[in-house]
Amino acid sequence: MSNCDNCASSSNCNKKDKGCNKIESKYGNFKKIIGIISGKGGVGKSTVTGIIAVKLAKAGYKVGVLDGDITGPSMPRILGISNKRNLIVQKEGSEEVKFIPAETEFGIKVMSLNLMIESEDQPVIWRGPVINNVLNQMYVDAEWGDLDYLLIDMPPGTGDVALTVMQGIPLDGMVIVSTPQDMVSMIVKKVVVMAQKLKVNILGVVENMSYIKCEKCGEKIRVFSKKSAEEQAKYLNLPLLSEMPIDLELVENLENGTAEKYIYDNKDYDELMSKVCK
Ligand code: ADP
């Protein structure tokens with residue numbers, strides 16, 4: 001459903017399909033903007049964002065990632081660019097600033113607060129309105145250029161910043177990430193209901209850490225819930241985009257800063273990208 005469906009002026013509006021209250025990027029053109037969200041932190045939302053980004057880049061798309069999880073930004077680590085920086089350029093004699101996204105080995109453009117502060121272990125002790133402004137600025141003032149996909153790693157839950165993204169940024173769709181024990185919880189349901197109320201299209205749900213694969217026989221062992229991922233997704237009335245294993249090799253690569261290459265080469269994660277792109 002379009003954001004404009006309920007608007008009385010939609011027939012003669014020149015911002016059709018973007019929504020008249022949406023903010024615009026000054027230096028970016030995006031064919032699709034997709035938000036990745038979860039009910040709570042720690043379920044793998046940023047990891048899933050990284051996987052989708054790398055697989056899209058591998059498929060030849062131009063991709064950007066906006067790390068909107070301002071108080072827990074982890075995209076630079078996942079994409080192996082913690083040592084890079086988002087440069088801030090100011091025109092002489094003007095207050096206007098422009099941010100330059102950092103680029104990963106495979107050409108993914110990344111904006112993250114962790115690439116702007118001196119050291120990544122410094123906490124961000126800001127209140128909601130300031131965080132909202134930072135997120136908006138990373139969207140509006142960054143030199144994204146022409147991208148096929150902008151992925152936004154959203155903060156977990158239904159708080160202020162998630163509301164800002166859903167209302168202010170012209171999202172084409174949203175991916176919900178959950179773990180088996182949370183799939184049927186009210187925490188995830190709240191995110192679903194919020195998206196529906198704000199008329200944001202939900203592409204589907206990713207069940208992360210669904211199972212471990214037996215190294216000897218390859219059997220999938222569901223550690224957290226006996227119910228299948230399909231059953232869990234059915235409860236939410238959403239398509240299942242992927243069920244992802246607990247992947248210790250991924251964790252090791254995340255720790256070593258080599259996850260981008262690992263994801264690029266690992267065919268197990270191909271399915272997710274193809275469903276998100278559909
Ligand atoms: P969120 O963005 O939801 O807070 P993260 O993506 O940062 O979550 O992941 C939280 C932790 O779980 C990280 O340490 C990450 O390495 C780990 N993790 C995420 N997905 C998996 C997975 N499929 N297998 C093993 N560990 C994972």
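Hydrogens, waters and symmetry mates are skipped; everything else that's a heavy atom, side chains included, is used. In each ligand, atom 1 is the first atom listed, and ligand 1 is the first ligand listed.
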* Proximal ligand 1 atoms for Lys45, defined as those under 4.0 Å from one of its heavy atoms ->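 The atoms of ligand 1 under 4.0 Å from a heavy atom of Lys45 are 1 (P), 2 (O), 3 (O), 6 (O), 8 (O).
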* Determine, considering heavy atoms only, which of Ile78, Ile36, Asn208 sits nearest to atom 21 (C) of ligand 1. =>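 Looking at heavy atoms only, Asn208 sits closest to atom 21 (C) of ligand 1.
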* Of the choices Pro156, Pro245, Gly44, which has the non-hydrogen atom that lies closest to atom 22 (C) of ligand 1? ->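 Among Pro156, Pro245, Gly44, the closest heavy atom to atom 22 (C) of ligand 1 comes from Pro245.
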* Asked: Within 4.0 Å of atom 11 (C) of ligand 1 (strictly less), any protein heavy atom?
  ->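 Within 4.0 Å: no protein heavy atom nearby.
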* To do: Might you check, step by step, whether the distance between atom 14 (O) of ligand 1 and some protein heavy atom is under 4.0 Å?
  =>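 No, because not a single protein heavy atom sits under 4.0 Å from atom 14 (O) of ligand 1.
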* To do: May I ask you to check whether Phe30 and Tyr149 place their ring centres under 6.0 Å from each other?
  =>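 They do not qualify: ring centres at least 6.0 Å apart.
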Using distance alone, determine whether [X] and ligand 1 share an N or O pair under 3.5 Å.
X      : answer
Asp69  : no
Tyr269 : no
Val251 : no
Thr47  : yes
Asp153 : no
Leu250 : no

* Asked: For the side-chain contact (heavy atoms from CB on, under 4.5 Å) test, which of Val188, Ile202, Val175 pairs with Leu238?
  ->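 Checked Val188, Ile202, Val175 against Leu238; only one passes side-chain contact (heavy atoms from CB on, under 4.5 Å): Ile202.
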* To do: Run the numbers on Trp144 and Leu66 for side chain to side chain contact (heavy atoms under 4.5 Å, CB included), then give the verdict.
  => CA-CA 10 Å; Trp144 293 108; Leu66 196 169; 4.1 Å; yes
* Arg222 and Glu243: CA distance, side-chain angles, deciding distance, salt bridge (charged side-chain N to carboxylate O under 4.0 Å, His left out) verdict -> CA-CA 11 Å; Arg222 290 185 63 83; Glu243 53 172 336; 3.5 Å; yes
* Is any side-chain heavy atom of Met174 less than 4.5 Å from a side-chain heavy atom of Met166? ->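 Met174 vs Met166: side chains touch.
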* **Close side-chain approach of Val140 and Ser25, heavy atoms under 4.5 Å** =>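 No. Closest side-chain heavy atoms not under 4.5 Å.
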* Asked: Is a donor on one side and an acceptor on the other found under 3.5 Å between the side chain of Asn208 and the backbone of Ser178?
  ->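 Looks like no, no N/O pair under 3.5 Å.
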* Atom NZ of Lys275 with >12 non-hydrogen neighbours under 6.0 angstrom ->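 Counting other residues, nucleotides and ligands, NZ of Lys275 exceeds 12 neighbours.
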